[in-house]
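Below is one structure, written out as structure tokens; comments come after it.
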Amino acid sequence: MARYPAFVDYAVKNMNGSSGRQRVSAETVGQYRLPLFDKHSLVLFKEVVSPMFLKMRYNSLENMRLAELRDALLPKLMSGEIDVSAVQL
């Protein structure tokens with residue numbers, strides 16, 4: 001939504017606050033009218049984006065696991081408890 005030109009235009013026109021801290025209220029954003037799509041278009045959209053969202057979920061879970069592994073291994077590598085100097089890549 002933040003890149004959709006019609007929404008950006010709507011948000012800019014409805015900003016309030018001082019010039020350095022202008023913002024749009026949640027209520028104003030909630031009043032923005034989204035276009036209605038027919039059921040067929042929504043089904044097609046879902047078919048395209050569902051695999052993308054699934055991949056994003058898997059990537060997020062993998063990132064969390066890798067961060068946990070890094071956090072567990074890094075102190076042991078830094079202290080010399082684990083030595084990987086003989087590992088060939």
Side-chain angles (χ1 to χ4, degrees):
M1 288 296 296
R3 293 186 180 155
Y4 182 57
F7 177 76
V8 172
D9 185 52
Y10 170 81
V12 168
K13 289 179 181 174
N14 289 284
M15 287 184 169
N16 55 44
S18 63
S19 62
R21 300 276 299 169
Q22 288 195 326
R23 55 198 163 277
V24 180
S25 71
E27 181 180 342
T28 301
V29 171
Q31 293 172 356
Y32 181 74
R33 295 280 190 191
L34 293 170
L36 294 177
F37 296 97
D38 61 274
K39 189 169 181 96
H40 178 70
S41 296
L42 291 174
V43 168
L44 292 175
F45 178 77
K46 181 181 177 187
E47 288 175 4
V48 171
V49 300
S50 289
M52 294 175 189
F53 280 111
L54 188 59
K55 181 68 173 169
M56 288 167 44
R57 178 172 166 73
Y58 290 148
N59 286 347
S60 178
L61 292 172
E62 184 177 16
N63 283 341
M64 287 188 288
R65 284 192 295 267
L66 289 170
E68 289 173 1
L69 184 59
R70 176 206 60 215
D71 293 345
L73 290 175
L74 190 57
K76 293 177 182 197
L77 289 165
M78 297 297 289
S79 70
E81 185 179 339
I82 298 175
D83 180 19
V84 292
S85 60
V87 174
Q88 292 182 350
L89 300 176

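Fair warning: this is a prediction, and the values are worked out from it, not measured in the lab. Position 1 is the first residue of the sequence; numbering continues from there.
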Report task. May I have the step-by-step check of side chain to side chain contact (heavy atoms under 4.5 Å, CB included) for Gln22 and Asn16, ending in yes or no? Result -> CA-CA 5 Å; Gln22 288 195 326; Asn16 55 44; over 6 Å; no
Going from [atom1] on [X] to [atom2] on [Y], what distance comes out if it is rounded to the nearest 0.5 angstrom?
| X | Y | atom1 | atom2 | answer |
| --- | --- | --- | --- | --- |
| Ser60 | Arg65 | OG | CZ | 9.5 Å |
| Met64 | Asn59 | CE | CG | 11.0 Å |
| Lys46 | Lys39 | NZ | NZ | 9.5 Å |

Query raised in the report: How far apart are the C-alpha atoms of Phe53 and Met56, what are their side-chain angles, what is the distance that settles it, and do they pass the side chain to side chain contact (heavy atoms under 4.5 Å, CB included) test?
Result: CA-CA 5 Å; Phe53 280 111; Met56 288 167 44; 3.9 Å; yes
Minimal non-hydrogen separation, [X] against [Y], with atom names:
| X | Y | value |
| --- | --- | --- |
| Arg70 | Pro75 | O-CD, 4.3 Å |
| Met1 | Leu34 | CE-CD2, 3.6 Å |
| Val24 | Val29 | CG1-CG2, 3.6 Å |
| Tyr32 | Phe7 | OH-N, 3.5 Å |

Query raised in the report: With clusters built from Ile, Leu, Val, Met, Phe, Trp and Tyr whose side-chain heavy atoms come within less than 4.5 Å, directly or transitively, what are the remaining members of the cluster of Leu77, listed by chain and number?
Result: Leu69, Leu73, Ile82, Val84, Val87, Leu89
Query raised in the report: Would a hydrophobic clustering, with Ile, Leu, Val, Met, Phe, Trp and Tyr connected at side-chain separations under 4.5 Å, put Tyr4 with Tyr10?
Result: yes
Query - More than 12 heavy atoms from other groups under 6.0 Å of CD on Glu27 - result: no
Query - Whether over 12 other heavy atoms sit under 6.0 Å from Leu61 CG - result: yes
